[in-house]
Amino acid sequence: MRSLLLAALALAGALLLAGCWDRQELEDRALILGMAIDEADGEEADEHATHLAPPPMVKGKKIRITAQIAIPGRVPLGPSDSGGGGKEGGMPVWVVRVTGYSIDDALNNLQQEIADPRSLIHLRVIVISEKIARDGVEDLNDYFRRNSEVRHSTWLLVSDIEAARLMNVAPPLERVPSLYVLSMIEKSMEMGKFPKEYIGSFWTAESSKGQDEFLPYVSIRQKENILLKGIALFSGGRMVGHTEPIEIGAYMAIKGMNPGGYSSFAQVPDVGAIMLNTFRRQTETDIDIEDGVPHISIKVRLDTRIEERIDHKSDEFTASDYRKIKEYSEKKLTKILIEFVQSTQKLKSDPFGFGEAVRGQYPRYWNRHVSQKSDWERLYAKARFDIECNVYIRREGLKMN
Amino acid sequence: MNDTGRESATISSFQLGAVVASSILGIGVLTLPRLAALAVDSGAPLLTFAGMTAGMLFLAGLAWLMSRHPGSSLFRFSEQLIGKAPARVFNGLLILYFLVVTGITARQFGEAVVQVLLQKTPIEIVVSFLILLTGLTCRRDLVKFVYVHQFYLPLILLPGIIVVAVSMQNAETVNLLPILGNHPLRWGDELVQIAAASQIAFVIALLGPILRRPRGAVRATAIGATLATLLYTAIIIATIAVFGAEEVKLLTYPTLETARSASLGSGQRLDALFLIVWVISIFTSVYSTYYFCAYGTRELLGLRDQRLTATFGMPFVFAAAFLPLNIFELYRWSELLNLYGAILFAGYPSLLLLLSLIRRGGKRTKEAEGHA
């Protein structure tokens, strides 16, 4: 009797402790791979899944979520899958549109429409439209932060067009649209074309008082191509502007992020137009407080190689013009860096996190002047910058002139 | 009561240290970074280090007391020092306190499991299985108690160190500055809260009868506590360095998030490894507190072993676990328990130590010399 009881207990323990209570078949979940958030037109009827009358503070601010739900069995698992299965099946994802007053409201409406329980464990990409970003994203993120299924390595993107369109691009390289968006942004990260700014880092920047958040800014070209257009800059929790693509390089140079990935194209007097590709960035930052404002000096060192030279007349070897190219591009790149920093100052947006450095190095100054994020944003706009850029041309490829 | 009957096998100083370390490493692994960050921002690592060191001092006091009364457990020498009745009151309080702590810890464990891992499993099941597992393990004698701790300690330390080391790849040094925190005034309260993690190691007060070298007790305890302090501090450094203090304040389980956002090579997340550390560390802590209850009740009642008390205590632990109605009350309970516990755990041994010093001068008993 006793041993029987113990055996039953052990069995129950093994089953329950191993999590069998929570077992769920993969086919029985609606795995949301990607999500686009747009403002709604306002004409959609309320679904009343979570309310009878919407709370007054959200009235009139409806959002539309376009979710990509994976269809089990049709999502290609590897390159070998590309031939079979897919053709007769069509799209491996199911695109569902719902509206609501908040993320959760919309997702609850979504749940009313689909059979399987929604699951965000494979959510990899969230795209929001610029309009939404400009209205502020803190409230949108609340749901994602509370939900334990959402990974910190999800990407949050801002698109300058209707975000839902990114859920429909079906480029030839990748059959699942949101996975294409994902690989596009992750590969830019590997090539040094974009900093590692997952949603987790975005949240961290959002809560820290000395750094403003930023996001990748994307668009669509030729219907199916996704273009990385720059950095969406935030201030006070709202998107306030965006950069040009080369300014992503400027951002990464100021932060000293590697690998280098951007090229600069400039016409060097007497030499011709030269394309310099940066492959390594090194940066030293020094912060002082002078006359009550932060004085930030930045020394950027770029290791570059010549990729292209456009020059109609000269037959000179590059070796003899090497100094000219170096000095001219230093001037040119310094200008790009300075102008970029100034533009962020104008927007009162500190995507670099210089405020965090001030907080760490000058805690007394920080405590006296900053009690909330907007205090630092104001100070940042007044901060003085000294930016120096050293360009080292290391090699020039397989041609000598 | 025959203390040295079945439990004549002796344990080494190393094993004593292992009990201390694996008892201290517990629920705090999950929530300590948030508590510390709330108090002093980026000063959290230093605060933790200081708090744990303060806790260690009281533990060392207890160990000293043990080394002065070799061969007897807290229940025995407390009666000798302050008299039977008062000692029983205090010991009873300790047992009651640990009973509630066991319940509250099990509940915190359950809350985390239900929120993060098993969302459909009722929390009652999670909690009752933890309690059942602990209760059944507590039926065994002291030597086996020590062996369990000794066995699990490496399984807490090694994955813990790996998680810390790997998460450091996302670290930003500026998040750790200034090391005193931006508002270095609010240290007092949280110091107590963090020192409270050491309370669980009080279970060593039972081990007096089976110590091979009572003289080495202080050193062994200090080494064990230092180990725990270092791992806690490392975890907090990693968490604050990855997220920054402001973000940590917002995270329910900061350490878990640290492990979740770190990856080993090709997208392999570290949560699994972290959960190993965490489940085992909770188990060993709950095991210590509940063992104290079971063993202590047995001593108070004068029973031959603690099988009966270990089994019949379980429903009470379960009840204690569900005293708080929700997670907000749960945190308040655990905060208050830490606070009142601190008074009990700092005051009682200090009182005993004082009396012990007065009664016998600064000298050890003859018995102690014999053991040494």
Side-chain angles (χ1 to χ4, degrees), chain A residues 6 9-10 12-24 117 119 124 141-142 145-154 186 196 198-211 255 285 287 353-368 370-373, chain B residues 37 41-43 112-126 128-130 132-133 135-136 169-170 172-185 240-253 256-263 267 269 271 275 279 283:
Chain A
L6 273 176
L9 198 68
L15 289 177
L16 288 170
L17 293 176
C20 292
W21 199 301
D22 275 78
R23 93 216 165 296
Q24 189 167 35
S119 160
R124 304 302 300 273
N141 275 305
D142 186 88
R145 299 193 58 152
R146 274 180 212 277
N147 192 317
S148 68
E149 290 175 351
V150 178
R151 311 178 189 201
H152 278 235
S153 57
T154 306
E186 296 231 297
K196 193 174 170 184
Y198 293 128
I199 202 168
S201 337
F202 179 81
W203 292 340
T204 305
E206 192 177 45
S207 43
S208 90
K209 288 176 188 162
Q211 179 175 11
K255 294 281 279 183
T285 311
I287 299 183
F354 289 127
E356 283 299 296
V358 172
R359 184 189 56 74
Q361 289 172 29
Y362 302 98
R364 286 171 147 209
Y365 174 82
W366 178 265
N367 289 348
R368 204 165 49 238
V370 181
S371 60
Q372 50 191 348
K373 197 167 188 159
Chain B
D41 309 309
S42 55
V113 168
V114 168
Q115 288 213 64
V116 181
L117 286 177
L118 310 172
Q119 304 189 338
K120 285 190 202 157
T121 310
I123 186 167
E124 289 81 3
I125 297 286
V126 178
S128 54
F129 267 88
L130 180 69
L132 210 58
L133 201 65
L136 292 179
Q169 65 185 349
N170 298 328
E172 296 266 358
T173 10
V174 73
N175 285 335
L176 296 168
L177 293 173
I179 51 171
L180 280 177
N182 279 84
H183 302 277
L185 293 170
I240 301 279
V242 169
F243 289 116
E246 293 300 321
E247 172 79 358
V248 171
K249 289 178 190 174
L250 300 181
L251 299 171
T252 310
Y253 303 122
L256 179 69
E257 303 283 4
T258 315
R260 261 158 57 110
S261 57
S263 69
R269 288 187 297 168
D271 0 5
L275 288 169
V279 169
F283 170 71

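Both backbone and side-chain heavy atoms feed into the values below; hydrogens, waters and symmetry mates do not. Throughout, protein chains are lettered first and strands after them, A, B, ... in sequence-line order, and every chain is numbered starting at 1.
Neither the backbone nor the side chain of Ile179(B) comes within contact range of chain A, judged by heavy atoms closer than 4.5 Å. In this structure, chain A has a heavy atom under 4.5 Å from the side chain of Leu251(B), while its backbone stays farther away. Using a 4.5 Å cut-off between heavy atoms, Asn175(B) touches chain A through backbone and side chain atoms alike. Contacts between Leu136(B) and chain A at a heavy-atom distance below 4.5 Å involve the side chain alone, from C-beta outward. Trp366(A) touches chain B through its side chain: at least one heavy atom from C-beta onward sits under 4.5 Å away, while N, CA, C and O do not.
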**OP:** Might you work through the side chain to side chain donor-acceptor pair (under 3.5 Å) test for Ser148(A) and Gln119(B), ending with a clear yes or no?
**Re:** CA-CA 10 Å; Ser148(A) 68; Gln119(B) 304 189 338; 2.8 Å; yes
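Contact check for Arg260(B) versus Ser153(A): no side-chain heavy atoms found under the 4.5 Å cut-off.
In this structure, the separation between CD on Glu172(B) and CD on Gln211(A) is 7.5 Å, given to the nearest 0.5 Å. We find the CD-CG distance between Glu206(A) and Leu250(B) to be 9.0 Å, quoted to the nearest 0.5 Å.
Qualifying side chain to side chain donor-acceptor pair (under 3.5 Å) partners for Thr285(A), counting only residues two or more places apart in sequence or in other chains: none. The salt bridge (charged side-chain N to carboxylate O under 4.0 Å, His left out) search around Arg124(A) returns none, not counting sequence neighbours.
Glu257(B) and Arg145(A) are not joined by a salt bridge, as no carboxylate oxygen comes within less than 4.0 angstrom of a charged side-chain nitrogen.
Across all their heavy atoms, Glu247(B) and Trp203(A) have their closest contact at OE1-O, 3.1 Å.
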